[in-house]
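Start at 1 and go down the list; that is how both ligands and their atoms are numbered. Starting from 1, each residue takes its place in the sequence as its number.
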Amino acid sequence: MSKNLGSFSRIDTNVPVKSRTIFTSSFALSSEPTVNQLNNENEKVLPGVKRIDFLPLDTSFNSSEEAYKSKSTAELARALFVFQLTSFDPLVKHNIQILKFLRRIFGKRLFHYVMEHSFYGHFVAGADLHSIKPVISRNMQYGVKSILDYSVEEDMEEEQAKNKTKMSYDEIPMEGSLVSQSTGSRANEVQYEYHEKFGDRRKDVVSARTYFYDSEAQCNKNMMNFLECIDVVKETTDGTGFAAIKLTALGRPKFLLNMSRVLTGMKETFEKLTAKETDIVLKRIRSDMLSSSLTHMGIPVSRDDSKQWFTWLDVSDQGEIDLYTWSNLLKMQKPLHNFFTVPNLEEGKLESVLPRLSPESDTELKNMLERINKIAEHAADSGVRVLVDAEQTYFQPAISRLTMEMMRNFNKEKAVVFNTYQCYLKNAHDNFIIDLDLARRENFHFGCKVVRGAYMDQERERAVTIGYEDPINVSFEATTAMYEKVIDTAMKEVKLRQPGAVAVMAATHNEDTVRYCVQKLKDLGIKREDKAICFGQLLGMCDHVSFPLGQSGYSVYKYVPYGPIDEVLPYLSRRAMENRGILAKVKKEKKLLRAELKNRLLPNRGGNRQSNVKL
Ligand SMILES: Cc1cc2nc3c(=O)[nH]c(=O)nc-3n(C[C@H](O)[C@H](O)[C@H](O)COP(=O)(O)OP(=O)(O)OC[C@H]3O[C@@H](n4cnc5c(N)ncnc54)[C@H](O)[C@@H]3O)c2cc1C
């Protein structure tokens, strides 16, 4: 299934690096091959290469030698050059125009040559399966594994993006009259409404990619790209890697918006029905009490209505309903809009939040669910794990819910599907424990990626503009505290469940957070062999954190973008802008790069090789 995009030679990837040692990973995530399998695989790739013991981890991350062992001197010079350029404001601000201009005056060949020796070579692994392989296997020799992302992005102006979004919301065909769209509470109602000002979802977002709905054919194409990415992971990483996916690529965002609205409305009602119980995971109600409870709240629903509504919720063997379970929507014969209903507490009735969908739209909705299912199924069949990215809060309840449903179906033997938790959200920990609880009760493997969150400025502006509570924590410190709370809970769960049942990826460039996780493992006596936590950083960023972790035997991943040069320019543009936004981190990287270049090029004047760089 892999694409033949035509490979081209890349600089440096085969240049022998200074030391030819393998740092084998004895600390892989639970679902990966065992240590011995991995070691054997490495030996197969490079027969006769000497293996050495893991290095102790210097958590100051100040050692230039440990940071850049895997890099040739030319690569270090390129990295320094790229970071210097991203410190130059006007260049970053107008980067996409400059790149297009250079493309025009240089012509294709020269432009590609320049890009390979600068931004593209630094931040992107290559165009296709063949060109990315050397990068992946070299990183693996130093204990750093890969998350692959086919990073081709459409380049479009803001107006075009807004128009696309508007059209995707406007053109859903309806039948008959529009059913009232008001729901349980005003806050819930407005948060999940389309707002023209935020039609270009890329605004103020540099560390995440955005998909715009174009057509069902485009969604199928996106699905094929994800399926191919899974194949590439299988082919290039010996089963140690991940594929990254985004659910907004797979259908109309409006469906995710409305699904989120229903889920939030149901959660609010559920919390009211179970108000006496303060512990969120103990909140349960018996199904036979449901319609009487709703009636008591002023919503006179028939048994059939309430049964249909709670098809979205869970009915356990004991006949108890909690925040999870739906019967398999994919197999549902009824039109799906029937399930998009929430209780309106003010008016005392169950209401649909979707207009009556035409049969075509109902099919579109089912197609979206089928695409998601197909990706998870293909990943499970291929033995490849999938990270589902978290996106904006108005889509996230649906994204998270669909991901949990996939986890429930495909994580029976090992963690195949991973959900993402954004710790800048006030409700991050609450959502996290509900999902952990479900995985424990139903005994499936729980895979999670923990991030701070990429959409902060946009989320805040949207909340102020539309008029609902800011979903983001009040400060950076509060977000960090939330991150640590989620990690603490995850690590407790690791101890509680059988080995390997909980797999956590701490995806962050924050050194303090990495130190926190490392210390937490030590404090709880969780051994490397328990394979409980791994780390994730972007290719071309924070090598001084990733490589020392990998060389010390921690499980660590680089998020590895790939795709042809001309088609990944929007990705490169975002990387340039992101680097401008994190000047302190880039300053440290530049200092380490300079120190290492000096050590290599001027060994007699570079000082003691063993000492760390003073920062
Ligand atoms: C491998 C990988 C995968 C990722 N996947 C996703 C994903 O699926 N979804 C997603 O949304 N993001 C994702 N991200 C991006 C991530 O959420 C962060 O935006 C990015 O990594 C910066 O956070 P940090 O912890 O690395 O760095 P730091 O610089 O320590 O943290 C910056 C982050 O802190 C938070 N923050 C900053 N100021 C404040 C404030 N005043 N109040 C509250 N919070 C504040 C914001 O989230 C900001 O992005 C991913 C990142 C990586 C490396």
Side-chain angles (χ1 to χ4, degrees), residues 29 61 123 144-149 151 201-202 204-211 241-249 385-396 399-400 403 417-426 428 431 447-461 463 470-484 486-487 504-517 533-543 545-546 549 555-561 571 574-575 577-589:
L29 269 181
F61 301 113
F123 287 118
V144 177
K145 292 161 281 177
S146 298
I147 305 162
L148 293 190
D149 179 36
S151 295
R201 289 182 277 115
R202 298 168 305 175
D204 300 326
V205 178
V206 287
S207 55
R209 170 195 188 157
T210 305
Y211 285 91
F242 280 94
I245 70 162
K246 274 198 161 55
L247 297 199
T248 44
R385 292 160 304 160
V386 176
L387 293 171
V388 181
D389 281 354
E391 305 188 48
Q392 281 90 346
T393 43
Y394 41 95
F395 297 139
Q396 199 47 36
I399 291 173
S400 186
T403 307
V417 179
F418 282 57
N419 201 5
T420 300
Y421 297 87
Q422 296 160 309
C423 296
Y424 64 13
L425 297 181
K426 289 173 181 161
N431 290 337
C448 64
K449 172 171 60 135
V450 185
V451 299
R452 279 190 167 74
Y455 307 91
M456 184 177 75
D457 293 338
Q458 194 189 87
E459 292 280 5
R460 286 202 159 137
E461 198 189 336
D470 182 356
I472 309 288
N473 287 314
V474 288
S475 63
F476 175 75
E477 289 70 29
T479 293
T480 299
M482 180 68 84
Y483 201 109
E484 293 174 356
V486 167
I487 293 291
V504 184
M505 175 180 286
T508 178
H509 296 139
N510 186 307
E511 290 178 22
D512 288 334
T513 301
V514 172
R515 278 189 279 272
Y516 183 87
C517 295
I533 198 168
C534 70
F535 298 92
Q537 285 101 31
L538 301 183
L539 186 77
M541 285 171 77
C542 277
D543 284 352
V545 176
S546 314
L549 280 170
S555 183
V556 59
Y557 290 80
K558 281 291 195 190
Y559 185 94
V560 177
Y571 173 82
R574 289 196 288 104
R575 280 290 78 81
M577 294 204 271
E578 186 171 23
N579 276 298
R580 187 179 55 159
I582 48 169
L583 286 179
K585 285 189 190 120
V586 172
K587 203 169 155 195
K588 175 166 180 177
E589 290 211 57

Peer 1: Tell me if a side-chain donor or acceptor on Y424 pairs with a main-chain N or O of Y455 at a distance below 3.5 Å.
Peer 2: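 Here the side-chain-to-backbone pair exists.
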Peer 1: Indicate yes or no for a side-chain donor-acceptor contact from Y483 to the backbone of V450 under 3.5 Å, with no hydrogens or angles considered.
Peer 2: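 Yes: the side chain of Y483 pairs with the backbone of V450.
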Peer 1: Looking only at heavy atoms of N473, does any of them come nearer than 4.0 Å to an atom of ligand 1?
Peer 2: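 It does; at least one heavy atom falls under 4.0 Å.
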Peer 1: With a 4.0 Å cut-off on heavy atoms, is E477 touching ligand 1?
Peer 2: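 The answer is no: ligand 1 sits nowhere under 4.0 Å from a heavy atom of E477.
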Peer 1: Between A454 and ligand 1, is there a nitrogen or oxygen pair with a distance under 3.5 Å?
Peer 2: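 Yes, at least one N or O pair falls under 3.5 Å.
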Peer 1: Can you list the ligand 1 atoms lying under 4.0 Å from a non-hydrogen atom of A507?
Peer 2: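 That gives atoms 1 (C), 2 (C), 3 (C), 52 (C) of ligand 1.
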Peer 1: Between R515 and D512, is there a side-chain N and carboxylate O pair less than 4.0 Å apart?
Peer 2: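 Yes.
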Peer 1: Distance under 4.0 Å to a non-hydrogen atom of T508: what atoms of ligand 1 satisfy this?
Peer 2: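 In order of numbering, the contacting atoms are 24 (P), 25 (O), 26 (O).
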Peer 1: Mind running side-chain contact (heavy atoms from CB on, under 4.5 Å) on H509 and L538 for me, showing each step along the way?
Peer 2: CA-CA 8 Å; H509 296 139; L538 301 183; 3.7 Å; yes
Peer 1: Please check if the side chain of K426 supplies one atom and the backbone of D470 the other of a donor-acceptor pair under 3.5 Å.
Peer 2: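 Answer holds: yes.
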Peer 1: If we only count N/O pairs under 3.5 Å, is Y559 in contact with ligand 1?
Peer 2: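 It does not: no N or O of Y559 is found under 3.5 Å from an N or O of ligand 1.
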Peer 1: Output the list of atoms in ligand 1 that are nearer than 4.0 Å to some heavy atom of A390, sorted by atom number.
Peer 2: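 This gives 7 (C), 8 (O), 9 (N), 10 (C), 11 (O) as the contact atoms.
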Peer 1: Can you check whether I472 has an N/O within less than 3.5 Å of an N/O in ligand 1?
Peer 2: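 There is no such contact.
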Peer 1: Can you find a non-hydrogen atom of K246 under 4.0 Å from ligand 1?
Peer 2: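 In this structure, K246 fails to qualify as a contact of ligand 1 - no heavy atom is under 4.0 Å.
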Peer 1: Determine whether the side chain, the backbone, both or neither of E391 has a heavy atom under 4.0 Å from any heavy atom of ligand 1.
Peer 2: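 No part of E391 comes within reach of ligand 1.
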Peer 1: Give a yes/no on ligand 1: does K449 have at least one heavy atom closer than 4.0 angstrom to it?
Peer 2: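 Yes; K449 lies near enough to ligand 1 that a heavy-atom distance drops under 4.0 Å.
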Peer 1: Using a 4.0 Å cutoff against the non-hydrogen atoms of T479, which atoms of ligand 1 qualify?
Peer 2: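 Under 4.0 Å from T479, ligand 1 has these atoms: 43 (C), 44 (N), 45 (C).
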Peer 1: Give the atom numbers and elements of ligand 1 that come within less than 4.0 Å of a heavy atom of M456.
Peer 2: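 In order of numbering, the contacting atoms are 36 (N), 37 (C), 38 (N), 39 (C), 40 (C), 42 (N), 43 (C), 44 (N), 45 (C).
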Peer 1: Can you sort out which atoms of ligand 1 are near D389, meaning under 4.0 Å from one of its heavy atoms?
Peer 2: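 Every atom of ligand 1 under 4.0 Å from some heavy atom of D389: 8 (O).
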Peer 1: Please identify which atoms of ligand 1 are closer than 4.0 Å to at least one heavy atom of Y455.
Peer 2: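 Near Y455, the atoms of ligand 1 are 11 (O).
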Peer 1: Mark yes or no for whether S151, through its side chain, and D149, through its backbone, hold a donor-acceptor pair below 3.5 Å.
Peer 2: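 A pair under 3.5 Å: yes.
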Peer 1: Just checking, any donor-acceptor pair under 3.5 angstrom between side chains of T420 and D389?
Peer 2: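 No, because no side-chain N or O of T420 sits under 3.5 Å from a partner of the opposite role on D389.
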Peer 1: Any donor and acceptor pair, going by atom type alone, linking the side chain of E484 with main-chain N or O of T513 inside 3.5 Å?
Peer 2: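 No.
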Peer 1: Record the part of M541 in heavy-atom contact with ligand 1 below 4.0 Å; permitted values are side chain, backbone, both and neither.
Peer 2: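 Near ligand 1, M541 shows nothing, with every heavy atom at 4.0 Å or more.
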Peer 1: Would you mind running through ligand 1 and noting each atom that sits below 4.0 Å from a heavy atom of Q422?
Peer 2: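 Ligand 1 atoms under the 4.0 Å threshold to Q422: 10 (C), 11 (O).
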Peer 1: Working to the nearest 0.5 angstrom, can you tell me the gap between C542 SG and K558 NZ?
Peer 2: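 It comes to 6.5 Å.
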Peer 1: Main chain of Q392, side chain of E459: is a donor-acceptor contact present, judged purely on distance under 3.5 Å?
Peer 2: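 Not a single qualifying donor-acceptor pair exists.
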Peer 1: Would you check if the side chain of S400 reaches a backbone N or O of Q396 as a donor-acceptor pair within less than 3.5 Å?
Peer 2: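 A pair under 3.5 Å: no.
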Peer 1: Which is closest to atom 41 (N) of ligand 1 in terms of heavy atoms, F242, Y424, F476?
Peer 2: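 The residue whose heavy atom sits nearest atom 41 (N) of ligand 1 is F476.
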Peer 1: Out of R452, K426, Q392, who gets a non-hydrogen atom closest to atom 23 (O) of ligand 1?
Peer 2: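 Minimum heavy-atom distance to atom 23 (O) of ligand 1 goes to R452.
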